[in-house]
Amino acid sequence: MADTTVAPKATTVGTALPLVGKTDTKPTWCPGCGDFGVVAAVEMAVKRLGIPSHNVVIVSGIGCSSNLPHFLSSYGFHGIHGRALPVAEGIRWANHGLTVIGTGGDGDGFGIGAGHFVHAMRRNVDLTYVTMDNQIYGLTTGQASPTSTMGQKTKSTPNGVIENPIDPIALALASGATYVARGFSGDVKHLADLVAKGIQHKGFALVDVFSPCVTYNKINTFDFFRQRVYKLESAGHNPADLVAAWQRSLEWGDKIPIGLFYETDRPTYEDLEEVLSAGPLALQPAGLHGKEKLLDEFV
Amino acid sequence: MSEIAVRVGGQAGDGIQSIGESLARGFSRMGLHVFGLNAYQSVIRGGHVWFQARASDGRPESPGDGADILYALDRTTVDVHAAGLRSGSTVIFDPEKFALAASDLPNGVTPLGVPTLEIARKYTSQSILQNAGGLGATAFLAGIPLDLLHQVLTDSFGRKAGDIVAWNVGASTDGYRFAEQHASPNARALSRRGAPKLLMTGNSAIALGAAAAGCKFLAQYPMTPASSIMHWMAAHSTQLGVVVKQAEDELAAINMAIGASFAGVRSMTATSGGGFSLMVEALGMAGMTETPLVVVDSQRAGPSTGLPTKTEQGDLNLMLGAGQGEFPRAILAPATPSEAYRAMIDAFRLAEEWQTPVLVAVDLHLSENYMTVDREEIDLEVPVPSLFQVQPNGGSYLRYQYTPSGVSPRAIPGQPGLNFVAGSDEHDERGHLISDIRAGIPRWISERQQMMEKRMRKLHGLAANAPAPVLEGPADAPLTFVAWGSTVAAVRDAMAELRATGHPTNLLRFPTLYPLDAEKVAALLGKARKTLLVEANFSGQFGRLLRAETGYQFSHRLLKYDGEPFFPHEIVARALEVM
């Protein structure tokens with residue numbers, strides 16, 4: 001058998017095996033796209049934690065941001081629209097020695113994939129989900145997304161959006177996510193910290209990222225966020241306080257919080273799934289050799 | 001072949017399935033082969049449900065065409081089933097519940113009033129215990145020895161607390177003795193014949209087969225008639241080390257199974273047509289990312305919600321065409337629990353070897369009904385090779401390397417030096433996208449074509465390695481039945497009846513529906529003197545596939561789409577018409 005040992009979720013630097021770096025595939029995002037900051041932050045975070053690249057799997061759905069796995073040298077799974085999380089969960093349950101990072105956009109995660117988003121959080125699956133939230137559909141050339149602002153004019157809403165946007169932070173708090181953070185791709189260092197802590201966190205970690213679309217969203221631009229964001233950690237917010245996290249999640253307007261809203265400790269799905277206590281499923285014996293007694297129940 | 005069939009009917013919630021299963025198990029422990037039909041409705045309480053155990057010294061593969069003993073828990077059961085009773089049969093009922101006279105029944109059918117409620121009151125105020133008295137009386141008439149019945153009841157109630165076992169044993173004895181004093185065993189009653197047989201539903205055989213094949217992960221969303229695959233696996237999850245995930249929907253179920261397979265465990269999902277419809281997009285992703293996957297579609301009568309508790313073979317077109325674009329797949333179609341066990345092993349082997357989805361097409365009739373299997377038919381010693389086969393060579397690893405077979409070396413995440421990205425977009429040999437800035441550029445146009453051809457080449461390998469069509473019966477018979485799935489089993493029973501009346505026939509059955517070796521199939525069909533296509537759907541979907549593949553056109557068809565399984569007499573009648 002080949003070497004299938006897997007590193008613990010986070011180790012210190014020092015392994016000889018290669019860390020995650022850039023690949024020779026250059027991102028095809030528009031110049032100035034917010035997603036450049038996100039891929040840089042994810043690379044920085046995984047590198048900092050010293051996790052060898054073969055023990056990292058980056059999973060995505062479909063959309064501009066979902067091309068991300070191709071740009072980093074870990075294992076990757078670039079699936080179909082909206083289904084990144086169930087694939088990521090399957091990977092975790094098959095081998096919970098792997099570090100699994102879900103990536104994608106607001107349409108992928110909060111529109112077509114909203115059901116999976118809620119369920120992955122209530123299960124507290126131990127993975128990190130980085131959403132590049134640009135409040136617009138980019139790859140399909142500019143339709144409204146589930147996080148588009150009320151009144152925003154897009155190709156599919158020429159008279160303005162008439163639906164209230166989803167608030168991913170509030171939804172995550174309501175759904176039982178155990179690490180809920182928001183970053184801004186205009187502050188890569190701060191974002192990388194949030195991602196790294198999310199990876200280290202035992203349980204479902206959401207890092208929702210303001211990642212402006214420079215082509216199709218003329219409202220939620222880099223400047224829009226630069227003028228508004230403030231850091232929760234500088235504002236005396238206590239991330240152990242769920243009620244305070246709720247209050248902060250509702251803030252929108254002249255001041256918009258980024259940083260860690262909430263973190264708590266709760267057993268993960270993998271902790272509670274009895275079969276996984278015997279080690280990663282992929283390394284457990286398979287088949288029914290010598291289990292002849294099993295047939296007695298059919299007599 | 002001698003046989004006896006016992007039917008029990010009442011309302012949902014009466015415990016009909018439990019009585020029926022006890023009778024079926026009584027027969028199978030006598031060493032008889034059994035077909036147990038569990039007919040129910042989409043209600044939890046009320047309505048009319050019934051169970052029939054047909055036992056034989058031969059090998060019944062269908063419900064057959066009549067019954068010899070009817071245990072009626074309500075009057076409706078008599079009204080529904082009296083006409084299906086053979087001459088010499090008995091109707092067991094409780095006079096305290098309703099009156100029944102011989103004049104209410106067809107000629108040759110005798111009523112036998114058994115005080116089942118009175119018997120139950122000796123032990124408890126719980127009226128459900130009436131079933132034990134009725135069961136005892138039924139067992140006496142059916143020739144099931146009392147000691148065997150006691151064993152069956154003790155095994156099935158053994159886990160329950162208190163006096164339940166003792167009550168059931170006592171009440172069943174009273175019912176048995178009552179019948180002994182007031183009636184004789186049915187003339188068709190059979191005696192013990194050797195070692196007990198295994199009594200399995202198609203779904204338990206499917207789950208067992210999957211586990212034997214090395215399945216370690218099942219993700220599923222509840223849907224009749226596939227749910228009991230999940231129930232069996234969940235009940236054995238810890239014991240066998242199989243993770244069972246009830247997903248939020250079928251979209252999640254199949255995507256989870258694909259994720260788990262990608263990460264190195266043999267994985268499956270199971271559903272019925274409605275859920276399978278939701279899985280369609282991800283099925284194509286398994287084909288495109290070349291991730292092994294087994295999907296069971298247990299068909300029920302459609303379209304849409306259709307008849308959730310009734311059977312059909314109407315999803316074949318869907319299974320053939322599921323997913324946009326083209327990718328290789330195989331569709332297997334077992335007929336019996338014994339075949340379903342082996343089909344799952346074949347399905348996992350094919351999915352693994354050819355790195356593509358394999359569908360197992362069953363139906364409610366096979367999934368939920370009971371059949372006996374000889375213990376030696378279930379070989380648990382299935383080779384389960386490690387999935388970590390590829391070694392890094394220090395060079396550039398090509399996950400989607402062009403190969404003559406179409407199969408490329410598959411690395412598993414966690415293996416150093418083999419990192420790659422599996423993409424649902426079209427990609428090159430390394431897995432790099434050719435869907436965005438490379439699309440339409442001459443070099444990449446050609447790569448796309450080569451990659452399509454590489455994937456589709458697997459169809460040749462699948463066709464050569466999947467179970468081939470089988471001709472059963474005399475080669476020169478004047479009539480050849482053509483059938484697949486559970487319909488095959490009913491045809492076998494019809495063939496036995498035809499043979500007994502001097503009408504030899506044979507059967508060309510298809511354990512693999514797709515891909516087919518068209519030349520071989522055309523040759524087999526060409527040798528038939530006359531053919532009769534038998535399918536449980538409206539348009540003869542498999543017949544159309546065979547026509548598309550071979551040009552062969554069926555001039556005689558027997559198609560059924562009323563939700564009920566095929567009964568042998570229907571097949572016999574149509575065969576005689578055609579012959």
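Keep in mind that what you see is a predicted model, and the values were worked out from it rather than measured.
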Practice problem: Evaluate the side-chain proximity of V421(B) to H427(B): yes if any heavy-atom separation is below 4.5 Å, no if none is. | Solution: no

Quiz item: Which one of R266(B), K245(B), Q239(B), H236(B) has the most heavy-atom pairs closer than 4.5 Å to chain A?
Solution: K245(B)

Self-check item: Residues H116(A) and E248(B): side-chain donor-acceptor under 3.5 angstrom
Solution: yes

Self-check item: Note: E270(A)-K202(A) ion pair, threshold 4.0 Å (strictly below)
Solution: no

Quiz item: Tell me, side chain or backbone of V275(A) under 4.5 Å from chain B's heavy atoms, or both, or neither?
Solution: side chain

Practice problem: Answer yes if the ring centres of H70(A) and H78(A) are under 6.0 angstrom apart, and no otherwise. | Solution: yes

Quiz item: Where on R430(B) is there a heavy atom nearer than 4.5 Å to chain A: the side chain, the backbone, both, or neither?
Solution: side chain

Self-check item: Heavy-atom closest contact (S267(B) atom, A257(B) atom, distance)
Solution: CB-O, 3.3 Å

Quiz item: D155(B) versus chain A, heavy atoms under 4.5 Å apart: side chain, backbone, both or neither?
Solution: neither

Quiz item: Which residue out of V56(A), L295(A), L85(A), V57(A) racks up the most heavy-atom pairs below 4.5 Å with chain B?
Solution: L295(A)

Quiz prompt | F262(B) versus chain A, the contacting section by heavy-atom distance below 4.5 Å | solution = side chain

Practice problem: Indicate yes or no: does D428(B) engage R438(B) in a salt bridge with an N to O separation below 4.0 Å. | Solution: yes

Self-check item: Residue, of K291(A), E273(A), R123(A), that accumulates the most heavy atom pairs under 4.5 Å with chain B
Solution: R123(A)

Quiz prompt | Region of D296(A) in contact with chain B, defined by heavy-atom distances below 4.5 Å | solution = both

Exercise. Taking atom types as modelled, find out whether H81(A) and D108(A) have a side-chain donor-acceptor pair closer than 3.5 angstrom.
Key: yes

Quiz item: Heavy-atom distance under 4.5 Å to chain B: side chain of E292(A), backbone, both or neither?
Solution: both

Quiz item: Based on non-hydrogen pairs under 4.5 Å, which of T28(A), V118(A), L72(A) is most in contact with chain B?
Solution: T28(A)

Exercise. Please state whether the side chain, the backbone, both or neither of V299(A) comes within less than 4.5 Å of a heavy atom of chain B.
Key: both

Self-check item: Per-residue contact mode, T372(B) against chain A (heavy atom under 4.5 angstrom)
Solution: neither

Self-check item: Residue part contacting chain A, namely of K216(B), when any heavy atom lies under 4.5 Å
Solution: both

Quiz item: Do S53(A) and N419(B) have side-chain atoms, one donor and one acceptor, less than 3.5 Å apart?
Solution: yes

Self-check item: Contacting moiety of T289(B), where chain A heavy atoms sit under 4.5 Å
Solution: side chain

Self-check item: Check against side-chain hydrogen bond (donor to acceptor under 3.5 Å, both in side chains), N134(A) and S211(A)
Solution: CA-CA 5 Å; N134(A) 58 13; S211(A) 181; over 6 Å; no

Self-check item: Residue Y370(B) excluded, over 12 heavy atoms near OH under 6.0 Å
Solution: yes

Quiz item: Side chain, backbone, both or neither: which part of V242(B) has a heavy atom under 4.5 Å from chain A?
Solution: backbone

Exercise. Answer with side chain, backbone, both or neither: which region of L208(B) has an atom nearer than 4.5 Å to a non-hydrogen atom of chain A?
Key: both

Quiz item: If you count heavy-atom pairs under 4.5 Å between each of A88(A), P285(A), A278(A), A84(A) and chain B, which one has the most?
Solution: P285(A)

Quiz item: For E274(A), does the CD atom sit with more than 12 other heavy atoms under 6.0 Å from it, leaving out its own atoms?
Solution: no

Quiz item: Non-hydrogen atoms of chain B under 4.5 Å away: do they reach the side chain of I58(A), the backbone, both or neither?
Solution: neither

Quiz item: Side chain, backbone, both or neither: which part of L418(B) has an atom under 4.5 Å from a heavy atom of chain A?
Solution: both

Quiz item: With a 4.5 angstrom heavy-atom cut-off, which part of L294(A) approaches chain B: side chain, backbone, both or neither?
Solution: side chain

Quiz item: Hey, what do you get for CZ (R399(B)) to CD (E290(B)), rounding to the nearest 0.5 Å?
Solution: 5.5 Å

Quiz item: If you count heavy-atom pairs under 4.5 Å between each of I258(B), V152(B), D249(B) and chain A, which one has the most?
Solution: D249(B)

Quiz item: Side chain, backbone, both or neither: which part of S73(A) has an atom under 4.5 Å from a heavy atom of chain B?
Solution: backbone

Quiz item: Just checking, is any N or O donor in the side chain of S65(A) or D35(A) under 3.5 Å from an acceptor N or O on the other one?
Solution: no

Quiz item: Based on non-hydrogen pairs under 4.5 Å, which of G79(A), S277(A), G113(A), G82(A) is most in contact with chain B?
Solution: G79(A)

